[in-house]
Protein chains: 2
Amino acid sequence: MASTINDVAKLAGVSRQTVSRVINEPTLVNSKTLDKVQRAIKILDYHPNITARFLANKRVKTIGLYMPFSADQVRQNLFFSTLSSVVCQFCSQHDYIMQLFTSLTREDSGRLFARLYKERQVGGLILTCPSVSNEELISLLTEKIPFIIVGRPGLQTEQIPYVDVDNVEAGRLATAHLIDYGHRRIGFLNGPADMTLSEDLRQGVTACAAAHSAEQPLILEAETDLTFAAGYVEALRLLTSPKRPTAIFTADDLLAIGVKKSGRRAGLAHPRRPVGPQRRSDRLGPYFPWCADLYRYAVRTAGRYCGRISGTQH
Amino acid sequence: MASTINDVAKLAGVSRQTVSRVINEPTLVNSKTLDKVQRAIKILDYHPNITARFLANKRVKTIGLYMPFSADQVRQNLFFSTLSSVVCQFCSQHDYIMQLFTSLTREDSGRLFARLYKERQVGGLILTCPSVSNEELISLLTEKIPFIIVGRPGLQTEQIPYVDVDNVEAGRLATAHLIDYGHRRIGFLNGPADMTLSEDLRQGVTACAAAHSAEQPLILEAETDLTFAAGYVEALRLLTSPKRPTAIFTADDLLAIGVKKSGRRAGLAHPRRPVGPQRRSDRLGPYFPWCADLYRYAVRTAGRYCGRISGTQH
DNA sequence: CTGAAAGCGCTTACAG
DNA sequence: CTGAAAGCGCTTACAG
């Protein structure tokens, strides 16, 4: 059995409050007492029970990270692993615990969040990939649960803290880039209709097309679930249609890989190098240097952080 | 303030033990009482505090998943996201909490594990990518901390529960495959020397080369840290050396992508299709259909689970 | 079937 | 600077 604060107190010949003080506010303790207690802690290999601390403190140093993806999407998408590894690292540096939640249908997620928080399982939440309808967030707001969104929330953006890149600008830049290079029929593999990401990208694409109305660009948009398979299927559909696009802009790298495969399938040559201005090495990620150049170009350039970050209780 | 078990008891006009029973053993409660209490729970929106439950139960339903990668490796590697998403899903299905730990130097990890467990932060641990020297595991064994390894532990494989694919067989198969196809100088981008994965792969490769000594195959092994960058650098070194290999076998997909890039850099044509027997669609993952075919081939074929899974306390 | 008692391992005021 | 008291929100035996 692991030793408790009482064991330490007994061995050191002090009260358990003093032991607690040694751990939490050592400066308030007489140096001789400090020494005695610390020796006892060493001897007994004492580690304060974090559950008991959380209970006594009435706060948990735990942050939940939620990603509304199916296991399959999570497995595929780099966004997931990047985000979770960074959050995880930051949490452990700051003595927080990170808990991961995935693979839940978005409808239930609101109740899940409330439960997690009310059960005091998490002290706060990081939510990702918000949907257009903010239903699951409403309860978080009304229950005053500390949370932040990675991505633009669908409603009440003034009240809801979030961080995001400027996807409207990303869509605009990518489209302008393709139009500049002479493309007039542009495929656009967007994300799911209910994601704000898709809304923002579309807004940028549409605005750009309108601004270039003289060139009469034709945007061929298709909805996807951001998986490789969807990228393949939708791109193949576009590429084998009468109005075959001459360029495709995708909402995600994974889609771009699907596009590449569909191009092979459709018997089309695929450019080795990005179709665009001179290549800068910092523009491309290490992963798919031969894919998704345009999307990445846009996002990197347009990716200034926006959104509101408010203080939270914890 | 969230309502507690005492609030519910008061409102329902029963003792808090009865409320506790309604939650944990409803069959032991009189149906009228049950009804009263459940109504009170509804009205007060009561959620049992999980921290208090853990403390009273003297067990935490929390599993730690540890991946000894740097943030950069984690971000890149698909193994990470696959494993964590699956573990996460399984945990939530079984009412467990998953906590993620990454980016720590392996030396400190032993102490980390002990601390996590002794602080009762986790009830058990899933460790990945074991190193040859089992130092960090020894303390887990002696402290009787429940844990399991994904990958073959370096020592005391009889005592330590683990699951793994048969990497020795994978190395053997991949090498045999390449020799069968006429290759005599075979590059072998292995993982870090201190990982058992690397040991196992090398054993298979070496054994296979020995078995085919008549053909005099030459194995050109290079150590990598399993990153894209290392794959590129080491492959380029091999490909620009006088004894340039005619085929390369890599320990990981990411290395294979690095190899591909180095091939381009070295001005070598890269086969579109796998060099091997007829392509079966189930043999390839969705990600890099044009890469890493040989490795995947080997692993899929050789990937029968081995290792020992013993029961744990929780 | 239900409640009074004791306890899980810690911390926060409050005296001294 | 230190300790006695009370409490965090729950559960586990034990009576009745």
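Chain identifiers are assigned alphabetically (A, B, ...) following the order of the sequence lines, protein sequences preceding nucleic acid strands; residue numbering begins at 1 within each chain.
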Inset, instruction - Under the side chain to side chain contact (heavy atoms under 4.5 Å, CB included) rule, collect the residues that match up with A:Gln38, sequence neighbours excluded. - result: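 A:Gln38 satisfies side chain to side chain contact (heavy atoms under 4.5 Å, CB included) with A:Val22, A:Leu34 once adjacent residues are dropped.
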Inset, instruction - Can you tell me which residue pairs pass the salt bridge (charged side-chain N to carboxylate O under 4.0 Å, His left out) test with a partner in residues 11-38 of chain A, sequence neighbours excluded? - result: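 Pairs touching residues 11-38 of chain A that pass the test: A:Asp35-A:Arg39.
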Legend entry - Length of the line joining A:Asn24:CG and C:dC10:C1', which is rounded to integer Å: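 For the pair A:Asn24 CG and C:dC10 C1', the rounded distance is 9 Å.
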Legend entry - Distance, rounded to the nearest Å, where B:Lys61 contributes NZ and D:dC10 contributes C1':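 Atom NZ in B:Lys61 sits about 15 Å away from atom C1' in D:dC10.
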Legend entry - Counterpart residues, salt bridge (charged side-chain N to carboxylate O under 4.0 Å, His left out), relative to B:Lys61 (two or more places apart):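 B:Lys61 satisfies salt bridge (charged side-chain N to carboxylate O under 4.0 Å, His left out) with no other residue.
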Inset, instruction - Would you please name every residue forming a side chain to side chain contact (heavy atoms under 4.5 Å, CB included) with B:Ser31, sequence neighbours left out? - result: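 Residues passing side chain to side chain contact (heavy atoms under 4.5 Å, CB included) with B:Ser31: none at all.
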Legend entry - Short side-chain donor-acceptor distance under 3.5 Å, B:Asn49 and B:His47: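 The criterion, which ignores hydrogens and geometry beyond distance, is not satisfied for B:Asn49 and B:His47.
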Inset, instruction - Name all residues meeting the side chain to side chain contact (heavy atoms under 4.5 Å, CB included) criterion together with A:Ile63; count only those two or more places apart in sequence or in a different chain, and write none if there are none. - result: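 If we apply the side chain to side chain contact (heavy atoms under 4.5 Å, CB included) test to A:Ile63, skipping adjacent residues, the hits are A:Cys91, A:Tyr96, A:Ile126.
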Inset, instruction - Measure the distance from CZ on A:Arg59 to P on C:dT12 and round it to the nearest whole Å. - result: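 Taking atom P of C:dT12 as the reference, CZ of A:Arg59 is at 10 Å.
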Legend entry - Whole angstrom value for the distance that separates C1' of C:dA13 from CD of A:Glu25: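 Spelled out: CD on A:Glu25 to C1' on C:dA13 is 13 Å.
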Legend entry - With B:Asp200 via salt bridge (charged side-chain N to carboxylate O under 4.0 Å, His left out) - residues at least two apart: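 Counting only residues at least two positions away or on another chain, B:Asp200 forms a salt bridge (charged side-chain N to carboxylate O under 4.0 Å, His left out) with B:Arg152.
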Inset, instruction - Go through the structure and list residues passing side chain to side chain contact (heavy atoms under 4.5 Å, CB included) with B:Arg53, not counting sequence neighbours. - result: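 So B:Arg53 forms a side chain to side chain contact (heavy atoms under 4.5 Å, CB included) with B:Ile23, B:Asn24, B:Pro48, B:Asn57.
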Inset, instruction - Examine D:dT11: is either OP1 or OP2 under 4.0 Å from a nitrogen or oxygen in the side chain of B:Ser20? Give yes or no. - result: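 For D:dT11, OP1 or OP2 has a side-chain N or O of B:Ser20 closer than 4.0 Å.
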Inset, instruction - Starting at the 5' end of DNA chain C, write a dot or bracket for each base, bracketing those in Watson-Crick or G-U wobble pairs whose two distances are under 3.5 Å and using | for partners on another strand. - result: |||.||||||||.|||
Legend entry - Rounded interatomic separation in angstrom, taking CD1 from A:Ile23 and C1' from C:dC10: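 To the nearest whole Å, that distance equals 9 Å.
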Inset, instruction - Summarise protein proximity over nucleotides 1-8 of chain D in one line of letters, 5' to 3': B for base, S for sugar-phosphate only, - for none, counting protein heavy atoms closer than 4.0 Å. - result: SBBBBBBB
Inset, instruction - In whole angstrom, give the distance that lies between atom CZ of B:Phe54 and atom P of D:dG9. - result: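 Value for this atom pair: 17 Å.
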